[in-house]
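Quick notes on the structure that follows.
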Amino acid sequence: MIGPRATHGIIYDLLHKLAENPPDLEVLGDGSQQKPYLHVSELIDAMCLSSDTRASGSTTQYWSD
């Protein structure tokens with residue numbers, strides 16, 4: 001999950017490392033790792049939509065792929 005109030009995670013860490021010292025950015029791994037991200041506003045939209053359309057007592061799952 002990403003959003004404007006994030007306090008940890010790869011996006012947060014990368015942006016802060018870039019702000020601190022752009023020429024010395026260390027990136028780990030070989031670039032083949034993939035991870036889905038979901039912006040908090042997209043989750044809120046999905047939750048509002050599902051609350052309008054789902055039956056009471058049903059289960060809803062949210063994911064970003």
Less than 3.5 Å apart, which donor and acceptor atoms pair up between the side chains of residues 5-16 and the rest of the protein, not counting sequence neighbours?
| unit_1 | atom_1 | unit_2 | atom_2 | d |
| --- | --- | --- | --- | --- |
| His16 | ND1 | Tyr12 | O | 2.9 |

Residues 25-35, side-chain donor-acceptor partners within the protein, below 3.5 Å, at least two apart:
| unit_1 | atom_1 | unit_2 | atom_2 | d |
| --- | --- | --- | --- | --- |
| Asp30 | OD1 | Ser32 | N | 2.9 |
| Asp30 | OD1 | Ser32 | OG | 2.6 |
| Asp30 | OD2 | Ser32 | OG | 3.4 |

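The CG atom of Asp24 sits 11.0 Å away from the CG atom of Leu18 when rounded to the nearest 0.5 Å.
Taking both residues in full, the closest heavy atoms of Ser50 and Met47 are given as OG-O, 3.1 Å, listed atom of the first, atom of the second, then distance. Between Pro4 and Val40 the shortest heavy-atom distance is CD-CG1, 4.2 Å.
When atom types are taken as modelled, the side chain of Glu20 and the backbone of Lys17 share no donor-acceptor pair closer than 3.5 angstrom.
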